[in-house]
Engineer: 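A single structure is presented below for examination.
So you know, we letter chains A, B, ... as the sequences are listed, proteins then strands, and number each from 1.
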Amino acid sequence: MDYLQGLNAQQREAVLHKDGPLMIVAGAGSGKTKVLTTRIAHLMATGVDAFNILALTFTNKAAKEMKERIEKVLGNNEARNLYIGTFHSVFARILRGEAHNIGYPNNFTIYDTDDTKSVIKTVVNELNLDDKHYKPSAVYNRISSAKNALVGPAEYANDYALQQEDMRANRPAIAQIYDAYVKRCFKNGAMDFDDLLLKFYELLKNVPESLSKYQRKFKYILVDEYQDTNPAQYEVIKLLGAMHENVCVVGDDAQSIYSFRGATIENILQFQKDYEDAKVVKLEQNYRSSKSILDVANEVIKNNKGQIPKNLWTDKGEGEKLKLVRLNTDNDEGKFVADTIQEQKLRNHYNNRDFAILYRTNAQSRAFEESLRRMGIPYTMFGGISFYQRKEIKDYVAYLRIIVNPRDEEALKRIINYPVRGIGKTTIDKLVLLANQHNISMWEVLERAREAGFKAGTLEAIENFVTMIKSFASMLQVKNAYDVAVHVGKQTNFVKELFNDKSTEGVQRYENVQELLNSIKEWTESPDTEEGEVNDKGLGAYLQQITLLTDADEKDPNADTVKLMSIHAAKGLEFGCVFAAGLEEMLFPNALAINSREELEEERRLFYVVITRAKERLWISYANTRYRFGNLVQNEPSRFLDELPEKYLDRSFAGGGMRNQINNRSAYDRMNGGGWGGGSAAREAEKRYGAPPSKRAGTTPSTPSYIPPKPQQKAVEHVPSADFVASDISNLQVGQRVEHQKFGFGEVVKMEGSGHNPIATVKFELNGEKKIMLNYARLRIIS
DNA sequence: AGCTGCAAAATTTTT
DNA sequence: TTTTGCAGCT
């Protein structure tokens, strides 16, 4: 039991508590993940079968980390039998075997946000409503909130308060759209993200056999970030845990930052009422931050009402004061941060990976990207689009989706005439009309096209298409997902089309598609993790899984790069040095979140979260002016800055250079009514430093957004051996000799980044050491 | 049917 | 400022 060593008294108490409900109130940096993972390891060490443990997290990243840490503690591979994952992925996985019980196909499609908005747009148009007024994103927010609160279309229509709200927003038809949207998804055999929670809840509530099956299975349930659960998640946990009541929730009310997604802080405040004999353990010692940082955080959060009382403390020293920095423009802010990183690296010997730049909105990233590039500092930006959201990938995937679930209308519309095969807009409109008239799926209309009286040429095109898709489907009966995917790419001319496009983007698209195929291959060949009942290596399972991946899951968090991300995305992480940027009114607190005490308090919790990410040093910055949609706007400093205790503050202006001095004065003048034309610091800087950074162009998954080129070691040309064939590199070992198509011959010197994203460091004879992502690289093993 | 070019919108946070 | 959508042209 040496895993109990190194736990403090409260942590140990939480780990050792065996049966019955348990709530762990875990302050920031108090070793929450350690407790959760040790607790699971302890359960297993004391005889609980891994198959009977369910652990739910909010991000794939958190799930992966937990799994790895448990493996490490246990020293065997029993952990792979645990059900650890996000709410969405675990529920999707179970629904894959159970969906037929609630009228869905088990191979249901999962609609991502784009698919969802597209369906809404379709529905809005079909109801003859104006999609300028009923904007898909606005409608989606309404529907999503309703689903998360377990309010169905009928209840929605009958809910007086909701109806009033819609009336006031001049959108009275939301209820009608909601109803049509749900019906359309059902007809398409598709679930959106919210459905994964909602339908799983419905399954448990309405199908007693399924409920008792999973109640019996999950004897121990652990929930991370409980403060961020919404009513749907709450009810599911309650139902699943009702038999054994071994429900352990971990959370921190001070870090609840997802109410916009339906999370109710009530869930954590109510836990003791739900389970009267619940044990409550508070983890109050912070192991992460210096005393100054922690005190500042505590001081800030005091301004919120209705907390679970707790006293977060540390035995660390005071450390550095935090720096509060005022800048003139957002570009100056970017420059200041990059300069400071450079300086800190030299002066205090930090690595790139010790820095994080955190902001309220993703749109703020640009200034930082620009300045980091200019300084040649490598960075990774989180929060972009996922690999699987790229157009060419979604198109390819649409073919695969159709094969698995022909009723998936969104996929069908995407590829029915791509590459062109003579089924144009007129034909598609007619197909949709027929489907709606007869209340059948579009696919069924295609199958029965002969009855519909199309012109001969059109009919032939349709029938060829149907035959082709059917041939793919029957191939899937005998071949694995990878073989089918390759065949689809060839047969449809899809891959050829991309290959023939020799523009830079075209080449990138082609490479992306090759990577998609590699990922399917890897999936096909990786070992089964489920217990027999469902084929979890099938194409359907693959498709369901990739929809739930975010770009954060594709990037290496351990790479030696500066990390850029939103504060939301940074929850759960820690960094030696943190820059909290853009502390301005309208931005943070955000203009859209200052209309009620609840909203404002959530913004303040967000501020608390960003402060508590820092271990040693913290900079808080704000700019007098910044660009918004190309216009310069002025903002007041954030009201939260007034809540910082003066004694830990070190205030300053940025830089001391001439340019800054002048700009300081101009900003000051402007604030006092003095006129100054629209001199653009950005444009000026661009002239000076040359080309702007390319945006997110062509980064491949798992690579940082930007790595500065190393001038001294250009890749030396290597001509691959005539017999070059990529080997199976899933079991690559240190010491093996390999050949890479570009880099030549080399030896594996290091393996890291375990689990889904293994990385090998290879020392090449001609090109020196390179980090190779095994998921995507093609290597030939020589010995 | 597909492409070009202009107007209008976009940014809060995410599985 | 950048991206998206659509109208009108070929």
Engineer: Examine the side chains of A:Thr113 and A:Tyr140 and answer whether a donor and an acceptor come within less than 3.5 Å of each other.
Structural biologist: no
Engineer: Quick check on contacts: within residues 416-429 of chain A, what sits under 4.0 Å from DNA chain B by heavy-atom distance?
Structural biologist: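 Within residues 416-429 of chain A, the residues near DNA chain B are A:Val420, A:Gly424, A:Lys425, A:Thr426.
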Engineer: So if I define the base as every atom that isn't primed, P, OP1 or OP2, how would nucleotides 9-15 of chain B read as a B/S/- string at a heavy-atom cutoff under 4.0 Å?
Structural biologist: -BBBBBB
Engineer: What string of B, S and - do you get for nucleotides 3-8 of chain B 5' to 3' if you count protein non-hydrogen atoms under 4.0 Å?
Structural biologist: ------
Engineer: Which residue pairs pass the side chain to side chain donor-acceptor pair (under 3.5 Å) test with at least one member in residues 254-268 of chain A, sequence neighbours excluded?
Structural biologist: A:Thr229-A:Asn267, A:Asp252-A:Gln255, A:Gln255-A:Arg613, A:Ser259-A:Glu602, A:Thr264-A:Asn267
Engineer: Is it true that A:Lys391 and A:Asp395 make a salt bridge, defined as a side-chain N closer than 4.0 Å to a carboxylate O?
Structural biologist: no
Engineer: Inspect the contact between A:Lys32 and A:Asp224 and indicate whether a charged nitrogen and a carboxylate oxygen are less than 4.0 angstrom apart.
Structural biologist: yes
Engineer: Show me the donor-acceptor pairs, under 3.5 Å and distance only, between side chains in residues 196-204 of chain A and residues at least two apart or in other chains.
Structural biologist:
none

Engineer: Would you say that more than 12 heavy atoms from the other residues, nucleotides or ligands in this model lie under 6.0 Å from the CZ of A:Arg421, or not?
Structural biologist: yes
Engineer: Could you tell me how the ring of A:Phe588 sits relative to the ring of A:Phe640: parallel (under 30°), tilted (30 to 60°) or perpendicular (over 60°)?
Structural biologist: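 It falls in the perpendicular class, over 60°.
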Engineer: If we count only N and O atoms by modelled type, under 3.5 Å, do the side chains of A:Gln227 and A:Glu225 hold a donor and an acceptor together?
Structural biologist: yes
Engineer: For the pair A:Arg401 and A:Asp115, find out whether any cationic side-chain nitrogen is under 4.0 Å from an anionic carboxylate oxygen.
Structural biologist: yes
Engineer: Under 4.0 Å between a side-chain nitrogen and a carboxylate oxygen: does that hold for A:Lys61 and A:Glu65?
Structural biologist: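 So A:Lys61 does not pair with A:Glu65 through a salt bridge.
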Engineer: Go through DNA chain B and write down every stem, that is, every run of at least three consecutive Watson-Crick or G-U wobble pairs with distances under 3.5 Å, as range with range.
Structural biologist: B:1-10 with C:1-10
